[in-house]
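In what follows, chains carry the letters A, B, and so on, assigned in the order in which the sequence lines appear, proteins first and then strands, with residues in each chain numbered from 1. All values below were derived from every heavy atom in this structure, side-chain atoms included, with hydrogens, water molecules and symmetry-related copies excluded.
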Number of protein chains: 2
Amino acid sequence: MQHQLRAHIEKIVPLSDEEFDFVRAHFTAKKFKKHQYLIQEGYPVKYHHFVVSGLLKLVYTDDSGKQHIVAFAMEDWWETDFHAYYTQTNATMSLECVEETEVLCLSLDDYRKLCDGLPKMERFFLEKSHWGFIGVQRRIISWLTSSAKERYEQLLAKYPQLVQRVPKSLLAAYLGVSRETLSRLSR
Amino acid sequence: MQHQLRAHIEKIVPLSDEEFDFVRAHFTAKKFKKHQYLIQEGYPVKYHHFVVSGLLKLVYTDDSGKQHIVAFAMEDWWETDFHAYYTQTNATMSLECVEETEVLCLSLDDYRKLCDGLPKMERFFLEKSHWGFIGVQRRIISWLTSSAKERYEQLLAKYPQLVQRVPKSLLAAYLGVSRETLSRLSR
DNA sequence: AAATATACGTGACATTTATCAAGAACTGAT
DNA sequence: ATCAGTTCTTGATAAATGTCACGTATATTT
């Protein structure tokens, strides 16, 4: 499991054994069951999370109580309420288990110590952030250019595993259509 | 004008005079007239751009030839086709002047030299990237939770200057509605 | 096994938005 | 002052999507 984090980081920056030990020491392993919260709206956000196994959803609940899925996170993905994490304010979103999930947690304090102690980790997180930005921007482009049906097909093509693992009502909440409409799209 | 870049960077990391001279040396100033292209779809992306004055639009053109606005960039904003820039591939989007615009250009080579020579600039770009990500994610949330009319009102509230400076047809292409619909929303 | 919750599909109807067409108001160049 | 181009609005209609209501199948819990 530590091995997994190392392989993940080394896709971007190589690490010696000592360096990885240093990295590893900043993370805490945690395990959550289905339906448990890693982050709850209105509460402080302690950690950034690296998903070792399982599946998470980042949920924004609107004024009328309707839930919208901002992101899913599965193996090898990073997830948190970034704004609340960086500014150490209360969460505006929730992070919740769709499946039983193991994560490695990194506090903001440890994040800073890690980057200060090992500058190549700053490079790693910068690269991650770039790709995160590009990914979200592509989702915007998909929205600007495509119908609900096309967006669903793009999702099927890009994350076929995901579609197997989550109920269609969650996919609908991610795509921004009602579950009834999504149901009719497949016909 | 160099002064403006310095003030912008120093909102995040302080710089000595020598350090700023080092930073400044990596940028090239350029000036473009209304309707000129800084980046053209299908061509290499040479630079990341810091906008000194003026207004740019980042445009994605779909298969049917319809134009969609991925982002606007005005004074003190950074803009490029990030994916094409980082991977040094051809642009999938265009970056075009809405007004006459002055920019400071940074090639990928100079970007790397800058970060290597002055690690605090890596911290600066990391912070910029974080906030960029948070901004785009908020646009997604706005889309998931709000109607076209609400999204328009949020835009009016967030960027009142922008609404004065660009034709409504461009705002429509940014919001993802037809210009006719946008016109009817104000009634 | 029974009880309960969740997931999924579908019909009927309302609402939102896109599309096509036309014209008015404004801008800039000559 | 005229002409051409752009911007904005509006009407009529079609298409897409949301909402409400219901039924059924499948898990999950007790």
Side-chain angles (χ1 to χ4, degrees), chain A residues 32-37 54-55 57 59-69 72 96-100 139-156 161-187, chain B residues 33-36 55 57 59-69 72 96-100 139-156 160-187:
Chain A
F32 296 87
K33 291 187 182 158
K34 204 167 166 171
H35 297 131
Q36 275 193 309
Y37 287 94
L55 181 59
K57 59 178 179 179
V59 175
Y60 180 89
T61 307
D62 68 23
D63 303 338
S64 76
K66 206 183 281 179
Q67 300 203 335
H68 307 271
I69 298 197
F72 289 107
E96 216 181 316
C97 289
V98 177
E99 302 171 358
E100 176 168 299
R139 191 165 160 208
I140 291 208
I141 292 174
S142 169
W143 221 309
L144 286 169
T145 58
S146 312
S147 67
K149 179 162 195 174
E150 290 164 334
R151 294 204 311 278
Y152 179 53
E153 283 160 0
Q154 289 165 17
L155 184 68
L156 285 175
Q161 337 85 339
L162 188 70
V163 180
Q164 309 303 320
R165 285 164 74 174
V166 310
K168 293 198 176 169
S169 56
L170 289 189
L171 295 181
Y174 175 84
L175 291 169
V177 296
S178 67
R179 65 184 178 81
E180 292 94 335
T181 296
L182 184 65
S183 173
R184 284 185 254 259
L185 290 182
S186 331
R187 290 187 304 183
Chain B
K33 292 189 182 157
K34 203 167 167 172
H35 297 131
Q36 275 194 308
L55 181 59
K57 60 179 180 180
V59 175
Y60 181 88
T61 306
D62 68 23
D63 302 338
S64 76
K66 207 182 281 178
Q67 299 203 335
H68 306 272
I69 297 198
F72 289 107
E96 214 181 317
C97 289
V98 178
E99 302 171 357
E100 175 167 299
R139 190 162 161 210
I140 293 223
I141 292 174
S142 168
W143 223 307
L144 286 169
T145 58
S146 312
S147 67
K149 179 162 195 175
E150 288 163 335
R151 294 204 312 278
Y152 179 53
E153 282 159 0
Q154 288 164 18
L155 184 68
L156 284 176
Q161 339 84 336
L162 188 68
V163 180
Q164 308 305 321
R165 287 165 73 173
V166 309
K168 292 198 176 168
S169 57
L170 289 189
L171 296 182
Y174 177 84
L175 291 168
V177 296
S178 68
R179 69 194 167 78
E180 293 94 334
T181 296
L182 184 66
S183 173
R184 284 185 255 258
L185 290 182
S186 331
R187 290 187 305 183

Exercise answer: donor-acceptor pairs, residues 166-178 of chain B side-chain atoms, under 3.5 Å, sequence neighbours excluded:
residue  : atom : partner  : partner atom : Å
B:Ser178 : OG   : B:Thr181 : N            : 3.2
B:Ser178 : OG   : B:Thr181 : OG1          : 3.0

Exercise. Could you give me the CA-CA distance, side-chain angles and deciding distance for B:Leu144 and A:Asp62, then say whether side chain to side chain contact (heavy atoms under 4.5 Å, CB included) is met?
Key: CA-CA 9 Å; B:Leu144 286 169; A:Asp62 68 23; over 6 Å; no
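- At whole-Å resolution of the value, CD in A:Gln67 and C1' in C:dT6 are 15 Å apart.
- Contact check for A:Arg165 versus A:Val98: no side-chain heavy atoms found under the 4.5 Å cut-off.
- In this structure, B:Glu100 has no salt bridge (charged side-chain N to carboxylate O under 4.0 Å, His left out) partners at least two apart in sequence or on a different chain.
- The CD atom of A:Glu99 sits 16 Å away from the C1' atom of D:dA27 (whole-angstrom rounding).
- With sequence neighbours left out, the side-chain contact (heavy atoms from CB on, under 4.5 Å) criterion links B:Ile141 to A:Tyr60, A:Val70, A:Met93, B:Thr145.
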Exercise. Do nucleotides 17-30 of chain C as a string where each nucleotide becomes B, S or -: B if the base has a protein heavy atom under 4.0 Å, S if just the sugar-phosphate does, - if no protein is that close.
Key: SBBB----------
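- In this structure, the side-chain contact (heavy atoms from CB on, under 4.5 Å) partners of B:Glu153, at least two apart in sequence or on a different chain, are B:Lys149.
- The separation between A:Glu150 atom CD and D:dA15 atom P is 16 Å, rounded to whole Å.
- In terms of modelled atom types and a separation under 3.5 Å, the side chain of B:Arg151 and the main chain of B:Arg139 share no donor-acceptor contact.
- Remark: nothing in residues 163-175 of chain B comes within less than 4.0 Å of DNA chain C through any heavy atom.
- A side-chain donor-acceptor contact under 3.5 Å links A:Glu150 to the backbone of A:Ser147.
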